[in-house]
Amino acid sequence: MNILSILALIFSPAIAALLILSPVFPNNEIKIRRFAKTFGILHFIYSMLFLLFFNPTNFGWSYQKELTFLNTSWLKTLGVTATFGMDGISLVFVLLTSFLIMIALVASKSMIRTKHRIYYSLVLVLETAFLGVFCAKDIFLFLLFWELQLIPIYFLVSQWGDKTSSYSAMKYVVYTFVASMFMFLGMLVLYFYSFSISGVLTGDIESLSMSESVFALWFQAFIFFCLLLGFAVKIPIIPFHTAVAKAQVEAVTPVSMLMAGVLPVIGEYGIIRFNMGLFPEVFNYFAPILIIFGVVNIIYGACLALAQTDIKKITAYAGFVQTGFALIGLGALTELGFNGAVFQLVIAGLIISGLFMVTGVVYLRTKTREVSALGGLSQVMPICMCLGFIICFGAVGVPFTAGFIAKFMNLSGLILSDIEPQKFIVSMAVVSAIGLVLNACYILYLFHKTFFGSVLSQFKAESVQYDEDGNEITVVYPKRGITKSEIIVLSLLGIAIILFGIFPNALLDIFQVTSDVILDFMKV
């Protein structure tokens, strides 16, 4: 279809951002907000057209297009091109990104009070960076968009976050940049050694592959772990989690939603595209390590969440648990596990974004994130409680929610794994199941302490409470419910969680063929 242009899909958000920043655009916060929100909705609808005309039986990349400069390829003499495309996996992640950007823009109406022109421009530039990562067909193009994310994220966290958000933003940038240097090193070595074998300079992902018959296993492992380190910080894999967790907690709610909903997806997409796609022998050999990382994320993340008294910190660590299940699905090397991992990433993006939205709504009205200072909000915010109920149960993994399907697929894929010894697989499955119990504990604790029990202020405007250390906390309870924009955001997330819980094949069928190709390649 001529109306479908992958270049328009990727770069139109950046063009919209430039339009907002241009002198001709009125410096009116209402017009800026409405324009950004309208663009986000139209962009999501446009991205859905790519799904409508996508052929799920296609084994390769669809909608391929090269961005040329004066009819010349980008860095032509070095074999590096600005070529974009989508397969089934990248398509579902593109749809997720476009959807989360849309709801973040809608949610920003009640969350953002200052610097509207810069804020909405940065969010749209960030969308271009996200989409570029998922659609890049060249390793250096991938790296370019990977690094581009750092600029808008730094300013979005530092300028609209908490009092210490500048430090958190800088810490996140430094962590990610240092890890990216290792990833860049691995890509350079891969690029030049591929040239030494084939005699052709190319950065095309499909043309790069490292076989044990040509490259020693230890040499492949070196590049493998350089790349994995770059992806680990973005996911984040424990112990590389501190910078991401702090940035998510101190960012304003819509930015927290995007960081928790998209960044882990980008990190694990990198593992799928590079570590699995380029190093099948090494990945098969080190798959148990990835399973261990996943289990650590599940157990340690759950323990960290249980130890918190800040509702936003609980939500941040809940995200680590969700991505941990995706890691064990990838490491299982089974069709059920791999499909479950991709499914889990999409659903985790929806669930954790929803949890951040709920905590943001609560904080906006109560001015506190301390669990001990909350209680009984179902009596004054019943709509928020009902919509939060769906999202929390999706996080727990209650049947007929997408969270249940995702966790069931990942654990089943792990149990069916052929990795030896089988005692290792059984022990990892048992520990992961324990993580499910812990996951339910902190989610239900968060939900119960926030919405049930007695209203601490007895419906007065303010009341003074004390935390566990005896410090005084002033609690301001809402005099009204949540806004229409907040209801829309939480409703869309809740509908998606229920919809994919009842009709999981609506999502699984999109990338089934792509996953089959990757798994067949892993068996070579």
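On a predicted model such as this, the values are computed, not experimentally measured, just so you know.
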Task: Qualifying side chain to side chain donor-acceptor pair (under 3.5 Å) pairs with a residue from residues 324-334, counting only residues at least two apart or across chains - done: none

Task: Under 3.5 Å: donor-acceptor pair, side chain of E268, backbone of V265 - done: no

Open item on the list: Per the side chain to side chain donor-acceptor pair (under 3.5 Å) rule, what does the pair list look like for residues 151-161, sequence neighbours excluded?
Closed with: K115-Q159

Task: Expected output: side-chain T323 to main-chain F320 donor-acceptor under 3.5 Å - done: yes

Open item on the list: Checking the side chain of S353 only, and the main-chain atoms of L350 only, is there a donor and an acceptor separated by less than 3.5 Å?
Closed with: no

Task: Criterion side-chain contact (heavy atoms from CB on, under 4.5 Å) on F293 and I289, from CA distance to verdict - done: CA-CA 6 Å; F293 277 135; I289 294 180; 3.6 Å; yes

Task: Flag if over 12 foreign heavy atoms under 6.0 Å of OH, Y300 - done: no

- [ ] Would you check if Y445 and V371 make a side-chain contact, meaning some heavy-atom pair closer than 4.5 Å?
- [x] yes

Side-chain donor-acceptor distances from residues 402-411 under 3.5 Å, at least two apart:
| unit_1 | atom_1 | unit_2 | atom_2 | d |
| --- | --- | --- | --- | --- |
| K407 | NZ | Q322 | OE1 | 3.1 |
| K407 | NZ | A395 | O | 3.3 |
| N410 | OD1 | A341 | N | 3.2 |
| N410 | ND2 | G340 | O | 3.2 |
| N410 | ND2 | A406 | O | 2.8 |

Task: Any side-chain heavy-atom pair of I482 and L490 under 4.5 Å - done: yes

Open item on the list: Please find the pair of heavy atoms, one from F451 and one from S378, that lie closest to each other, and give the distance.
Closed with: O-OG, 2.7 Å

Task: Atom pair CG/CG of L124 and L105 - distance to nearest 0.5 Å - done: 6.0 Å

Task: Separation between CZ of F356 and CE of M257, rounded to the nearest 0.5 Å - done: 10.0 Å

Open item on the list: Pair I498, F400 - check side-chain contact (heavy atoms from CB on, under 4.5 Å), show working.
Closed with: CA-CA 6 Å; I498 295 296; F400 297 108; 5.9 Å; no

Open item on the list: Would you say CE of M181 has more than 12 non-hydrogen atoms from neighbouring residues, nucleotides or ligands within 6.0 angstrom?
Closed with: yes

TODO: Verify, without hydrogens or angle tests, whether D310 (side chain) and K312 (backbone) share a donor-acceptor contact under 3.5 angstrom.
DONE: yes

- [ ] Starting from the C-alpha separation in whole Å, work towards a yes-or-no answer on side-chain contact (heavy atoms from CB on, under 4.5 Å) for L304 and I314.
- [x] CA-CA 8 Å; L304 286 174; I314 295 174; over 6 Å; no

Open item on the list: Within a 6.0 Å radius of atom OH on Y167, are there more than 12 heavy atoms belonging to other residues, nucleotides or ligands?
Closed with: no

Open item on the list: Contact between L228 and F182 at the side-chain level, heavy atoms closer than 4.5 Å - yes or no?
Closed with: no

Open item on the list: The test is salt bridge (charged side-chain N to carboxylate O under 4.0 Å, His left out); show your working for K313 and E370 and say whether it passes.
Closed with: CA-CA 10 Å; K313 288 183 179 180; E370 285 294 320; over 6 Å; no

Open item on the list: Can you give me the closest heavy-atom contact between S47 and L95, atom names plus distance?
Closed with: O-CD2, 3.3 Å

- [ ] State the CG-OG distance between L131 and S12, to the nearest 0.5 angstrom.
- [x] 8.0 Å

Open item on the list: Looking at I20, is its backbone amide N or carbonyl O close enough to the side chain of R117 to form a donor-acceptor pair, meaning the two atoms are under 3.5 Å apart?
Closed with: yes

Task: side-chain hydrogen bond (donor to acceptor under 3.5 Å, both in side chains) against W146, all qualifying residues, sequence neighbours excluded - done: S180

Task: N275 side-chain N/O to F224 backbone N/O, donor-acceptor pair under 3.5 Å - done: yes

Task: T483 and S485: side chain donor to acceptor below 3.5 Å - done: yes

TODO: Not counting sequence neighbours, which residues clear side-chain hydrogen bond (donor to acceptor under 3.5 Å, both in side chains) with Y120? List them please.
DONE: none

Task: Between F93 and F130, ring centroids under 6.0 Å - done: no

Task: Shortest non-hydrogen contact from V262 toward L100 - done: CG2-CD1, 3.8 Å

Open item on the list: Does atom CZ (F389) have a neighbourhood of more than 12 heavy atoms from anything else shown, all under 6.0 Å?
Closed with: no

Task: Heavy-atom pair with the smallest gap, counting every atom of Q149 and L126 - done: O-CD1, 4.0 Å

Open item on the list: Could you tell me if the side chain of H241 sits less than 4.5 Å from the side chain of I238, heavy atoms only?
Closed with: yes

Task: Nearest-0.5 Å distance that lies between atom CD1 in I112 and atom CD1 in I118 - done: 13.0 Å

- [ ] Flag the pair F177 / E147 as yes when at least one side-chain heavy-atom distance between them is below 4.5 Å, and no otherwise.
- [x] yes

TODO: Indicate yes or no: at least one non-hydrogen side-chain atom of I272 is less than 4.5 angstrom from one of V342.
DONE: yes

Open item on the list: Under a 3.5 Å distance rule, please check whether S98 uses its side chain to pair with a backbone N or O of V94 as donor and acceptor.
Closed with: no

Task: CA sep, side-chain torsions, deciding dist, call: F231, Y269, ring-ring contact (aromatic ring centres under 6.0 Å, His included) - done: CA-CA 9 Å; F231 305 140; Y269 174 78; 9.0 Å; no

- [ ] For residues C392 and I443, report the shortest heavy-atom separation together with the two atoms involved.
- [x] O-CG2, 3.5 Å

Task: Within-4.5 Å side-chain heavy-atom neighbours: S417 and M428 - done: no

Open item on the list: Looking at F225, I'd like to know if its CZ atom is crowded, meaning that more than 12 non-hydrogen atoms belonging to other residues, nucleotides or ligands lie closer than 6.0 Å.
Closed with: yes

- [ ] Considering non-hydrogen atoms only, spot the tightest contact between L96 and G261 and give its length.
- [x] CD2-O, 4.0 Å

Task: Nearest-0.5 Å distance that lies between atom CG in L446 and atom CG in L374 - done: 9.0 Å

Open item on the list: Could you check whether atom CZ of F447 has more than 12 heavy atoms from other residues, nucleotides or ligands sitting under 6.0 Å from it?
Closed with: yes

Open item on the list: Strictly by side chain to side chain donor-acceptor pair (under 3.5 Å), give each pair with a member in residues 122-135 just once, sequence neighbours left out.
Closed with: H43-E127

Open item on the list: Is it the case that atom CZ in F184 sees more than 12 heavy atoms from other parts of the structure closer than 6.0 Å?
Closed with: no

TODO: List the steps, then state whether side-chain contact (heavy atoms from CB on, under 4.5 Å) holds for R369 with T359.
DONE: CA-CA 8 Å; R369 299 199 307 243; T359 58; over 6 Å; no

Open item on the list: Looking at S491 and I488, would you say the former's side chain and the latter's main chain have a donor-acceptor pair under 3.5 Å?
Closed with: no

Task: Heavy-atom check, side chain of M385 versus side chain of L377, under 4.5 Å - done: no

Task: Donor-acceptor pair, side chain of T253 and main chain of M357, under 3.5 angstrom - done: no

Open item on the list: Can you see whether T368 engages Y363 through a side-chain donor-acceptor pair at a distance of less than 3.5 angstrom?
Closed with: no

Task: Atom pair CG/CD1 of L492 and I487 - distance to nearest 0.5 Å - done: 11.5 Å

Open item on the list: With a sphere of 6.0 Å drawn around CZ of F424, does it hold more than 12 non-hydrogen atoms of other residues, nucleotides or ligands?
Closed with: yes

TODO: Compute whether any side-chain donor of one residue and acceptor of the other, for E250 and S168, lie under 3.5 angstrom apart.
DONE: yes

Task: Side-chain (S165) to main-chain (V157) donor-acceptor, under 3.5 angstrom - done: yes

